[in-house]
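In what follows, a single structure is set out as structure tokens and then discussed.
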Amino acid sequence: MTRISITVDGVGYDDDVEPRTLLVHHLRERLGKIGTVVGCDTSNCGACTVLMTDADGELVAVKSCAVLAVQADGRQVTTIEGLAGPDHTLHPVQQAFHERHALQCGYCTPGMIMAAVDLLTENPDPSDAEIREGLEGNLCRCTGYQNIVRAVRDAADALHAAGRSAAPAPPTVEAGAAGTPDAGLPREPVPGEAIPQPVP
Ligand code: FES
Ligand code: FES
């Protein structure tokens, strides 16, 4: 086991993980971040996309099935569950997906939105072709992509009108509320395992 410290959606967690544990499994199964989903486990579909700080401290989109949990040691991770504002106001990309109905089954949506946030952070005014190129690592088998492209275009316009970047605001999470499938309730204990605790 290897000791790691990760900040996820604004809350720090120390935990012991197997070196082979994938970040997506750590997020879902240990921290209860089930908004991040697994579509393929082979880094093809993008459903597991989250934002994670790189070596320079920049938040960038990563496929969390292609990252080991130990590689996230010392990093900050933002999942779809940490994207809304502290008052639960939807991020402009989330709002645009809602208004454009840029989803059907919704399985690709968490990853698609996180990838779109990364795209708009890098390129605040993308053309439709640039949106399609920027999201090419995220697969959707329902929508045909047209409304997704429209939603990202709308989000770019909304962000421009608001004079803000797509980069998510630092989330505010009540201590102990994150990391549990049911916010505020104790996580179901796993025999023989210590539950990761928020770092004070
Ligand atoms: Fe498909 Fe990660 S689960 S890319
Ligand atoms: Fe179903 Fe995208 S909405 S896979």
Side-chain angles (χ1 to χ4, degrees), residues 4 6-9 13 15 17-54 58-73 75-84 90-122 126 128-156 158 166 168 178-179 181:
I4 62 170
I6 310 178
T7 300
V8 181
D9 296 337
Y13 296 91
D15 199 10
V17 299
E18 298 248 13
R20 65 183 177 178
T21 301
L22 299 176
L23 178 59
V24 67
H25 293 149
H26 184 67
L27 291 171
R28 288 178 55 83
E29 294 162 19
R30 294 289 292 166
L31 306 186
K33 295 291 181 181
I34 55 175
T36 300
V37 298
V38 179
C40 68
D41 234 353
T42 55
S43 73
N44 285 308
C45 74
C48 63
T49 302
V50 298
L51 303 178
M52 187 172 86
T53 49
D54 62 15
E58 298 287 322
L59 270 180
V60 295
V62 298
K63 292 178 176 176
S64 58
C65 75
V67 177
L68 295 169
V70 293
Q71 292 177 295
D73 183 31
R75 304 296 175 94
Q76 296 193 30
V77 174
T78 300
T79 75
I80 189 72
E81 296 178 46
L83 196 56
L90 293 181
H91 185 283
V93 175
Q94 291 174 302
Q95 186 66 33
F97 269 64
H98 169 64
E99 290 176 1
R100 279 291 188 180
H101 195 61
L103 58 129
Q104 288 183 27
C105 80
Y107 204 82
C108 71
T109 309
M112 196 70 80
I113 287 176
M114 300 312 282
V117 169
D118 182 56
L119 166 67
L120 293 177
T121 301
E122 283 292 307
D128 284 4
E130 288 171 328
I131 293 170
R132 289 179 180 278
E133 183 180 348
L135 298 180
E136 66 184 3
N138 291 70
L139 305 181
C140 175
R141 64 182 185 179
C142 301
T143 64
Y145 300 96
Q146 195 59 40
N147 280 2
I148 291 174
V149 173
R150 290 188 181 123
V152 176
R153 182 71 253 159
D154 284 359

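Along the sequence shown, residues are numbered consecutively beginning with 1. In each ligand, atom 1 is the first atom listed, and ligand 1 is the first ligand listed.
- H91 places a side-chain N or O within 3.5 Å of a backbone atom of A166 that can act as its donor or acceptor partner.
- Draw a line from atom 1 (Fe) of ligand 1 to SG of C40 and another to SG of C45, and the angle between them is 110° (to 10°).
- Of the heavy atoms in N44, only backbone atoms (N, CA, C, O) come closer than 4.0 Å to ligand 1.
- No option in D154, L83, D118, V117 other than V117 meets the side chain to side chain contact (heavy atoms under 4.5 Å, CB included) test with V93.
- Of the charged side-chain nitrogens involved, at least one lies within less than 4.0 Å of a carboxylate oxygen, so that D15 and R30 count as a salt-bridged pair.
- Without hydrogens or angle criteria, Y145 side chain to C140 main chain gives a donor-acceptor distance under 3.5 Å.
- A heavy-atom distance below 4.5 Å is not found between the side chains of R75 and T7.
- Close approach to G46 involves these atoms of ligand 1, each under 4.0 Å from a residue heavy atom: 1 (Fe), 4 (S).
- Minimum heavy-atom separation, T78 to V50: O-CB, 3.5 Å.
- Taking 2.8 Å as the criterion, C65 does not count as a coordinating residue of atom 1 (Fe) of ligand 1, since none of its N, O or S atoms falls below it.
- The side chain to side chain contact (heavy atoms under 4.5 Å, CB included) with T36 is formed by just one residue from the set P110, S64, C65; it is S64.
- Put simply, C48 stays out of reach of atom 1 (Fe) of ligand 1, with no N, O or S atom under 2.8 Å from it.
- In this structure, K63 contributes its side chain and S43 its backbone to a donor-acceptor pair below 3.5 Å.
- Residue S43 has at least one heavy-atom neighbour below 4.0 Å for each of these atoms of ligand 1: 4 (S).
- Counting only distances under 2.8 Å, and ignoring water, the protein N, O or S atoms around atom 2 (Fe) of ligand 2 are C108 SG, C140 SG.
- Residue-ligand proximity, G39 to ligand 1, at heavy-atom distances under 4.0 Å covers atoms 3 (S).
- At distances below 3.5 Å, not a single donor-acceptor pair connects side-chain atoms of H26 with backbone N or O atoms of R28.
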